[in-house]
Student: 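Quick one: this structure, given as structure tokens, is what I'll be asking you about.
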Amino acid sequence: APATAAAKCIKGDRKAPYTVGWANIYSVPTWMKQTSGTIEDVVEQLKAKGLVDSYVVTDAEGNANTQIAQIQSMIDADVDAIVVIAGSSTALNRVIEQACEKGIAVANVDSLVTTDQLTVKINTDSNKWGAQAAEFLIGAMGGKGKIIIMNGPAGISVSEDRRAGATPVLAAHPEIEILTETNTPYNAAPAQEAMTSLLFQYPEIDGILSLGGALTAGAILAMDRQGRPMVPMTGENYRQFLELWKEKGLTAWATMQPNWLGGFGVYAAVQALEGRDIPAFVEVPLPIIDNSNLDEYLARAADFPADGYIYSPYSLEMFDDLLAGK
Amino acid sequence: MTPPVLATREVGKRFYDNVVLRGVGIEIRPGRVHALLGENGAGKSTLINLLSGVLQPDAGAILVDGQERRGLTPAEARRLGIAVVQQELSLAPHLSVAENIALGAMPRRGGFIDYGQLAHGAGQLCARLGLDVPLDLPVERLPLGQRQLIEIAKALWRRPRVLILDEPTSSLSAHEVRTLFGLVRALRATGVAVLYISHRLNEVLELCDWVTVLKDGVVTADQSLEGSDPKALVRLMVGREAGDLFPPRGTGGEGKLALAAHGLVGESLRGLDLELRYGEVLGLGGLLGQGQEETLRALYGDLPLRGGEIRVDGRTRRAASPGRSADAGIAYVPADRKREALLLPLPIRYNLVLPALRRLATHGLRRRVREAITAASLIREFAIKANDPRDAAQLLSGGNQQKIAIARWLPLSPRVLLLNDPTRGVDVETKREIYARLRRMADDGAAVLLLSSDTLELVHLCDRVAVQRDGRIVAELDRGRLSEEAIVRASLGMAA
Amino acid sequence: MSGLELQLRLLWRRNAGLWSLFTLLAALLVVYAWLHPGLLSIAGVARFTQTWFPVALVALAQTLIMLAGGIDLSIGAMVSLGCVLAATLVGETATAAGLGIAAVVAIGATIGATTGAIVALLRLPAIIVTLAGSFLIAGAALLVMPRPGGSMPDWLSDALAGDRPTALAMLILLLIAWRVLQATPLGHAINAAGDNPQGAFRSGVDVPLARIATYALSGALASFAGVYVAAQTGAGDPVIGMPLTLDSITAAVLGGVGFLGGQGTLRGAIAGSLLLVILINVMFFLGFPPVAQYVAKGLIIVAAMAVRLLRAG
Amino acid sequence: MATALRTHSVGRVLLHRVTLTYLIVALLWVVAGVLKPGFASAGHLRYLLELAAVMGIVAAGQTLVIIAAGIDLSVASVITFSAMMLPLLSPAGDPSGLAGVAATLLLTTAVGTLNGLGIVLLRVHPLILTLATATILQGALILIAGGSAISVNNPAVVFLGNGKLLGWPMTIVTWLVLGSLVTALLHATVLGAWLFAIGTNDRASRLAGVAVGPALVAAYAISGFCAGLGGLLLLGMNRQGYVGIGEPYLLGSIAAVVLGGTSILGGRGSYLGTVAGAVLLVTITALITVVNASAGWRSILFGALILGLLLLSGRDRESR
Ligand SMILES: Nc1ncnc2c1ncn2[C@@H]1O[C@H](COP(=O)(O)OP(=O)(O)OP(=O)(O)O)[C@@H](O)[C@H]1O
Ligand SMILES: Nc1ncnc2c1ncn2[C@@H]1O[C@H](COP(=O)(O)OP(=O)(O)OP(=O)(O)O)[C@@H](O)[C@H]1O
Ligand SMILES: [Mg+2]
Ligand SMILES: [Mg+2]
């Protein structure tokens, strides 16, 4: 490793093998469990290379205040790298800045914080997520019609960003009429409940702009139960959605928040510790699932939990390419 | 004669269609102890609730110092110098003795509680009442009688001009009653007006100067007590000649051993030995708080024991619980009916069948009709004055609640009765019935253990009396040696 | 008995049920300090109390209500509202910041008093009134700030949540303030109103007023917890307080507050909140994986309660 | 403060109040139907009833527990646990799927029994104990989540959630059966009477010979059973279990019970009221979904509706 480290926070005083900490916001949901899986996988690979020797996990049980305390504990325990999915886009700022000052490599993935004093932020672009989804839907609807927008929980950056990304696209198409919007947790049951009531309300719906998670699956189930004709819709790589998509032969589009962002975070942090110059922000391109590659995803479905997400394959080489901006 | 400090003029009160008071006038004067008598449910407590602002009259007026007061509230009544001893109901169980005494009237200095004055004042009051308890003890840890004394201390704390005592002695033992009387006399001497409600007629005769009698919500007598005797009082209340209060004693004490306790050690018990035989009424006496209640609870299986053993019908009892005892035919009537016996918000009928619920049911399914019949017959037998058996038990007068606490065990025909002050607040006529019934049950072979604060009961009803002191039985007085004096002497630790 | 002696004895008495909790905490603190010697410095203490302080505040807020015989499900939402309001209202200068904080706390107190008035005067069940309140308040927080943002002055963040143990000092001040309140008739009325509302009313205690006052105080405490979270994190977040409602109840009950009111102490609640926070930290240093963390946490909380109750007999 | 209370009139008032709650539901449906055509369509109302069935079934156990002056904060976790465990507990060789259903319900009943035992034997406050159970189940869920590689294909569960019996949705049929049983239990059995007694005054009940411990254990066990059944219905309706599926039912079940007029302090209440409470809750949730407003306003509207309905449905309640 070179004497002067290039990445942010890195002071060059930490030597391999490293201790990696994973500050999980909530380990119970399946998406998080899958993400933990990719982290453990990458840690194992790095252990084999002699770069990592120990790995610690915390679980904040969904409470951002607890997550602050746990990151504080990791700082106190002097781990070398911290991977974090933020329980709040603002709440962790100060503790992360502290970690950075201590020379700890902090990789923030998925839900990002607003501070820039950390080693690397890795994420897809939530704005693009929303924009691309809107573009697909409008295209599939022929530029006009009535839609319902399904959002994740209110007050959370990710769901607000996706919605914000869709706004200008929708505004550019005055013939698209937004009937109404929902806010539900990223889960099928509440989405299905909300959608059912809305279906009774709106006899005419031409498209569903679902902005993530298992929302689309809920919508499809609701429509199916009422015998309503399927309409174009968007969504994410939730296994049940992809299966229903195939089963119903939908006109649909999906992207994903790859679970391997977690594993990638570990890799990037360790690379930074190793003295590699890595960018402050790595934008992971949004993989697109459409009718052309749906079957590829479904072919691997059995490897993923029934209530999980079928993410695209990853490898350390791929991470290298992403870090190099390729 | 001094003018009345507190009076009512033609007050009436009804609850729904139940007219409780009709045109009642009463005049309470300074320097006089005024007795208010009446059968259970006659409307005494209701009247004092009107006098103290807890309830509002439907008709008539409340007069304080000759002036009509409309919309009197408890806080206002208190400001006017009216203090009421509602039994244990108004204590805050988790707060300390001192804090309870000053509840709602904390001494303050500069906006803060003046603990100096609190400790001093509360300490003094306790001393005057002969109450020897730490001021910082939560009142829930005190036996009922001591809680009652604290309720009295609380009333005195406010230096009232009018002191209303609703059955203040119903769970005090003879000794405490003496102290209280001394205190009341002292207050009378300083010009305090006292309204005194009691079902213990000789106490009334001893202490009071004047009597008002309520019957079915109407004043039937308002006269001086001079020259009265208990029989005359009963005549006033009931309207006919009084018979003997206590039933004649049978043979008693010859039956087989029902319950035997050996060397019981536990909360307040320090090696207690006691034997109870079928066919006898055994009294349990002593000063307040000597562990008598714990003795009953231990026998009933409600007290964890650290030592000793209890034999039921000669067999050592192992896993004990109230449920098992009840199943084995042992009944327990607690003293504190409001907290330990009744389910106040639930219907009277329901309260009456609770212990027998399982017995009355088939395969766990309730038999409503059977329950209703059982309850109705108990209401009749015990002359429980209830408007409707579906009313909440809390709407009953105190004495009628007490009847439920006893009556509800009868459908189980218990072989052993453990009774803690069963006639607390019960009017004379009902007392007579209860005594007769207890005696009859003993004659029929049941074993009765009667813990009582009323020495008369112990002397005249029981076949034998055990006196408890400091967690042990210190004397057993058989029929030949039974007398009030002997009990008091033994209670105080003097040789019998 | 002198006044001082009475006061001290009452204090001692109220601790009686808490010794096992205190002992458990002491043991955990020793283990924690041993695992993490950095705790034993001013900065270490400062940082530790910072994570604990908001939980302690909501535990206090909940305890007040429960002491008076109620329960408050809107505490978490109130923290969120306090947080976003602080990140909007608190200005850069010292005066502006002071005024801003005062305004937030006043708003919290007002909302609390309103809730209290509905519960006490209309005699509706607190659990549902405050559940409805939680939606109303959470909605208001989202209107103030639909997504995380805003900012707090850096100097304020440093002062409240920097390397100085300000949080600890405030906690001690709060305990003193509570002692002072307990020594007033109002404090006493709060206890009595929870213990035996009817009896207290008959004894001339203004029960509705005591109830309204507790809700107002509790609202003020919860909104101040929001202010503190804003300072600690440097920004506002409209949903950050949500998980704190349950924490507040757990801490209060762990600290010996009875569900039916009248019994319990603030220091018990603070100890309960400390247990929740320190458990998490100690488990991290002991290297518990999340699965074990959940199980251990559940068991230890039950044990902490059971030991006390079984010993009390 | 000393309000005059008469039980038989309380009974009448209670009945009256439950009727009132039903009237409010009807009124709400009419108003919503006028404002939002489609809301009051038969199909939608039936769907609301189906949703209410799950809430009502979970709240059935909660009603028993609350009447006995307890509370069960583990229902949400038990629901999720049930939905996640079913695929694991359904043996491949059982075409009816009933074995899996039985095993799952047995398991959740056992969890409820443990709740009851902990509360009775360790004398830990139900709030804490059931919360701890919930926490421990969360731990178990980490192990289970992602472990089930198959979505639900248990025919019994699919039938429960989606099937029809004589034209009636199975969810509603199940609810009717369970609701009748719980009502009978409360009002026609000794156990039910005991629960009221315990909720009113557990010390007095104990001294009257009531088997307080066993009765409480039974109540929590039934609550575990009901939550488990609720989980299976949800699983059937969604064809997919996931972690967090039970979450809305924690506060929801308590709210349904209390909105239905059962006292949170215990000793007073009825399941008929809870049924109305469940329908009410589901209705207003659906109502705010169809109102086109920002998330903040929707939340405010929801809170205001709960408060308003509470005011309407009766003010003479305990002051807690
Ligand atoms: N709040 C109430 N609602 C309905 N009825 C009531 C209420 N309070 C009292 N009653 C009824 O009024 C009658 C008089 O009761 P009260 O308590 O005044 O009797 P009492 O003379 O004090 O009897 P006791 O000697 O037994 O205490 C009783 O029949 C009782 O049931
Ligand atoms: N919750 C209540 N609602 C209505 N009335 C009540 C309630 N509690 C008590 N009462 C009535 O208030 C009156 C006084 O209450 P209290 O408990 O002092 O009864 P009491 O008859 O004086 O009993 P005791 O025999 O203990 O003196 C009684 O007449 C009782 O019926
Ligand atoms: Mg009376
Ligand atoms: Mg009376």
Side-chain angles (χ1 to χ4, degrees), chain B residues 14-16 18 49 54-55 74 297 300 302 321-328 330-334 336-351 353-368 371 387-395 405 408-409 412, chain D residues 1-15 67-69 120-121 123 181 183-218 222 262-263 265-270 316-318:
Chain B
R14 62 196 297 170
F15 298 103
Y16 302 92
N18 179 14
N49 280 341
V54 172
L55 294 174
R297 285 176 52 205
Y300 190 51
D302 182 51
S321 77
R324 288 207 179 82
S325 302
D327 284 345
I330 302 175
Y332 173 53
V333 177
D336 189 347
R337 58 174 170 257
K338 289 203 166 86
R339 296 207 301 171
E340 303 205 311
L342 292 184
L343 305 172
L344 290 171
L346 296 188
I348 294 162
R349 192 162 69 186
Y350 185 101
N351 273 281
V353 297
L354 181 64
L357 211 48
R358 199 154 39 156
R359 183 79 57 92
L360 294 171
T362 32
H363 307 303
L365 291 180
R366 289 172 65 185
R367 303 280 299 269
R368 295 269 185 173
E371 287 177 15
N387 241 27
D388 185 324
R390 290 170 299 179
D391 278 352
Q394 72 194 20
L395 301 188
R408 60 186 189 148
W409 286 106
L412 288 174
Chain D
M1 223 73 347
T3 39
L5 277 174
R6 300 183 85 180
T7 311
H8 76 271
S9 45
V10 167
R12 242 186 276 144
V13 172
L14 195 77
L15 204 67
I67 281 178
V120 169
L121 297 180
R123 298 178 36 198
L181 286 177
T183 307
L185 181 123
L186 270 177
H187 302 290
T189 69
V190 173
L191 176 61
W194 280 359
L195 292 180
F196 280 101
I198 294 167
T200 304
N201 182 339
D202 61 344
R203 170 117 187 98
S205 304
R206 189 175 133 87
L207 290 178
V210 170
V212 173
L216 281 178
V217 173
I222 294 171
T262 294
S263 163
L265 304 178
R268 193 150 54 84
S270 71
D316 186 11
R317 298 182 191 217
E318 72 267 88

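Naming: A, B, ... by sequence-line order, numbering from 1 per chain. Not measured: the values here are computed from a predicted model.
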Student: When rounded to the nearest 0.5 angstrom, what distance separates CZ in B/R366 from CG in D/L191?
Tutor: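 Rounded to the nearest 0.5 Å, the CZ-CG separation comes out at 11.0 Å.
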Student: Heavy atoms only, distances under 4.5 angstrom: which of B/L365, B/L354, B/D302, B/V333 has the most pairs with chain D? Name it, please.
Tutor: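 Counting heavy-atom pairs under 4.5 Å, the top option is B/D302.
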Student: Looking only at heavy atoms, which two atoms of D/W194 and B/Y350 are closest? And how far apart?
Tutor: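 It is N-OH, 4.1 Å.
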Student: Relative to chain D, which segment of B/R324 carries a heavy atom at a distance below 4.5 Å: side chain, backbone, both, or neither?
Tutor: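 For B/R324, no heavy atom lies under 4.5 Å from chain D.
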Student: Which atoms of B/R297 are under 4.5 Å from chain D, going by heavy atoms: the side chain, the backbone, both sets, or neither?
Tutor: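 Contact with chain D: side chain only.
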Student: Select one option (side chain, backbone, both, neither) describing which atoms of B/L342 are under 4.5 Å from chain D's heavy atoms.
Tutor: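 Backbone only.
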Student: What's the separation between atom OH in B/Y332 and atom CZ in D/R206, rounded to the nearest 0.5 Å?
Tutor: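 Output value for this atom pair is 11.5 Å.
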Student: Between D/A193, D/G209, D/A184, D/A211, which has the largest tally of heavy atom pairs under 4.5 Å with chain B?
Tutor: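 Winner by heavy-atom pair count: D/A193.
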Student: If we define contacts as heavy-atom pairs under 4.5 Å, which of D/V190, D/L207, D/T189, D/N201 has the most with chain B?
Tutor: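 Heavy-atom pair counts peak at D/L207.
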Student: Looking only at heavy atoms, which two atoms of D/A204 and B/R339 are closest? And how far apart?
Tutor: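 Looking at all heavy atoms of both residues, the shortest contact is CB-O, 3.9 Å.
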